[in-house]
2 protein chains.
Amino acid sequence: MSDTDDSAVTAWSEAEPGDDVARGTGVALWKQIAERIEADIVEGRLAPGMRLPTEMELAERFGVNRHTLRRALAMLTERRLIEATPGRGTFVKEPPIRYPIGPRTRFSEIVAREGRAPSGRLIGSRIEPASAEIAEALHLPMGADVLRVDLLREADGVPITIASHWYDAERCRDLDLLLAATGSVTRALETLGLGDYRRLETRITARPADEEERRRLSLPAGRVVMVVESINGDAQRRPIQYTRARFCSDRVQLIVKN
Amino acid sequence: MSDTDDSAVTAWSEAEPGDDVARGTGVALWKQIAERIEADIVEGRLAPGMRLPTEMELAERFGVNRHTLRRALAMLTERRLIEATPGRGTFVKEPPIRYPIGPRTRFSEIVAREGRAPSGRLIGSRIEPASAEIAEALHLPMGADVLRVDLLREADGVPITIASHWYDAERCRDLDLLLAATGSVTRALETLGLGDYRRLETRITARPADEEERRRLSLPAGRVVMVVESINGDAQRRPIQYTRARFCSDRVQLIVKN
DNA sequence: CATGATTTGTCCGTATGTATT
DNA sequence: GAATACATACGGACAAATCAT
């Protein structure tokens, strides 16, 4: 993972070579290696997002065959401590953003509280007829005009979620223009006098990321998105916004406090 | 999906053959076919869980080549109206169980309220040393004895989730025996005077199902599980149970009410 | 446990009409 | 008009997964 710092190998790779692994102790070599790398990760010598040396280099350092080393990495992959992408390398997994789902759920606030820099890009917006699902959520007749706004949201420049918002087109004239101008959903809605929308209900499923999601979220094949649908309402709990956000599940952990 | 009624083809397959699709109208054949099947689904002639005829049969019925038919099915798959598994067939997707996550979250109550029959099987239980994560959740020292109980939970005989529970081994002597005897987590905890545990926090991620999960939940390859970790506490909000449940994401939709 | 039948998934190729350059 | 690209449709073959025997 992490499109951050591909050359961050150096820090850890200074480890003195030749500190081989203990043979003939009854403990499998790959297990010893896995445990040593794991210790390096949990004790912080291998930081999250950091790239490990290539399998060849690691094998040489531990004085084992590449297959033996791969067995160790396989164990760490299964435990989800590291992650390998063909062609890029093997990386220490970064801890996911803790994303609390509550009555007041705001992407930028949540990301900022995690100490990361939120940003967003408007992908597109248009008027479309309400599908059955959206009509029901917004208490509109089916086929009524709704404004759809698609956003890509990032933390520290890493894409986190693709969010589609639907609004009653009547109530939200020019919201798309305001969005483009302010760059913030919250601020744009404030301008329309809908500042303190609150979340009424959230529905969560998950599925493999499709082609477009992989491209937009820069995900390798086989990755998973969590699909979070939510209905947001005004102070009187009247629905004003329906959202479907697709979160890259590697980079986000949803939290519900009870 | 659905291990229910594989021979449920008949109801729909009586449709008169020879009602071919309109050629040379400017509308692609595969699009016409997709729309007709979609109509059959949304209007209930093809019920959820029902198996469609084979691709060969469908192609013959609509008077097109198998590839043309597959193009239509691909569209319906993308819209998540149907789902195909090699060797089994193509099925109309069943609506997922709506699974509310709240302070009082009980599997059997939730499933029963959906009008389905809950059941559960004890997979195993043992004492093990607390990992860092579990120790923190249960406010125990790391390595302390914890009781781990693994359950497979089903609705109408269809596996829904694999749940692992961890308890302080001190406080929960013989919980595993009670579980085996009563067959209910709730009732077993009641016997220990911990009847009204409530959920304190829930964390949600998702990932591809691994080998064991696919086997236990009878999932075909490429399917996804939602990993739901929760801390449950007693009336004083002292943590007494840590749970990691892996839900088949096709069959469940998590709901958060705010 | 092995095996074969059934069914979906993927690949090869060919041909045709339409829109764009 | 010619060249090109693209979507549509058809045909055949085989791989891979599942299920019943």
Side-chain angles (χ1 to χ4, degrees), chain A residues 86 207-215 219-225, chain B residues 1-15 17-41 45-94 121 152 154 156-160 162 207-225 246 248-251:
Chain A
R207 55 172 173 73
D210 66 27
E211 187 59 43
E212 185 212 351
E213 287 154 356
R214 293 218 312 269
R215 184 167 40 78
L219 293 175
R223 240 31 89 73
V224 168
V225 290
Chain B
M1 281 287 81
S2 120
D3 316 314
T4 45
D5 194 355
D6 276 18
S7 61
V9 193
T10 41
W12 189 63
S13 59
E14 300 166 9
D19 58 347
D20 285 12
V21 92
R23 301 180 108 92
T25 58
V27 184
L29 295 184
W30 64 264
K31 213 170 267 190
Q32 296 181 50
I33 295 171
E35 273 162 21
R36 279 183 36 185
I37 298 180
E38 179 173 353
D40 285 340
I41 291 173
R45 288 187 292 280
L46 271 169
M50 200 180 259
R51 182 174 161 212
L52 277 76
T54 68
E55 295 176 348
M56 284 294 288
E57 285 173 316
L58 282 175
E60 196 175 2
R61 170 176 317 172
F62 287 111
V64 298
N65 184 277
R66 180 166 163 244
H67 293 301
T68 310
L69 181 101
R70 278 181 62 77
R71 183 70 187 83
L73 294 189
M75 143 127 280
L76 297 173
T77 305
E78 204 172 357
R79 297 242 223 135
R80 293 173 230 292
L81 289 167
I82 60 170
E83 197 162 44
T85 345
R88 286 201 2 106
T90 307
F91 299 83
V92 181
K93 266 215 170 184
E94 296 192 77
R121 284 191 10 244
L152 178 65
E154 308 164 314
D156 287 343
V158 180
I160 300 295
I162 305 171
R207 55 172 174 76
D210 67 26
E211 188 58 43
E212 186 212 349
E213 287 155 355
R214 292 221 312 268
R215 186 167 37 79
R216 287 235 147 88
L217 297 171
S218 51
L219 293 175
R223 243 25 95 74
V224 168
V225 290
R246 288 157 290 174
C248 166
S249 68
D250 289 327
R251 319 215 246 252

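If you're wondering where the values come from, they're calculated on a predicted model, not measured in any experiment. All chains are named by letter (A, B, ...) in the order of the sequence lines, taking the proteins before the strands, and each is independently numbered beginning at 1.
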Rounded to the nearest Å, what distance is computed from the [atom1] atom of residue [X] to the [atom2] atom of nucleotide [N]?
| X | N | atom1 | atom2 | value |
| --- | --- | --- | --- | --- |
| B:Leu29 | D:dC10 | CG | C1' | 11 Å |
| B:Glu60 | D:dC10 | CD | C1' | 15 Å |
| B:Glu83 | C:dT7 | CD | P | 19 Å |
| B:Arg51 | C:dT8 | CZ | C1' | 10 Å |
| B:Arg70 | C:dT8 | CZ | C1' | 6 Å |
| B:Leu58 | C:dT8 | CG | C1' | 12 Å |
| B:Met56 | C:dT7 | CE | C1' | 11 Å |
| B:Leu73 | D:dA9 | CG | P | 14 Å |

Indicate yes or no: at least one non-hydrogen side-chain atom of [X] is less than 4.5 angstrom from one of [Y].
| X | Y | result |
| --- | --- | --- |
| B:Arg216 | B:Arg246 | no |
| B:Arg36 | B:Ile33 | no |
| A:Glu212 | A:Arg215 | yes |
| B:Asp250 | B:Lys93 | yes |
| B:Ile41 | B:Ile82 | yes |

d(A:Glu213 CD, A:Leu219 CG) to nearest 0.5 Å is 8.5 Å

In B/S/- notation (B base, S sugar-phosphate only, - none; protein heavy atoms under 4.0 Å), nucleotides 11-18 of chain D written 5' to 3' is BBB---BS

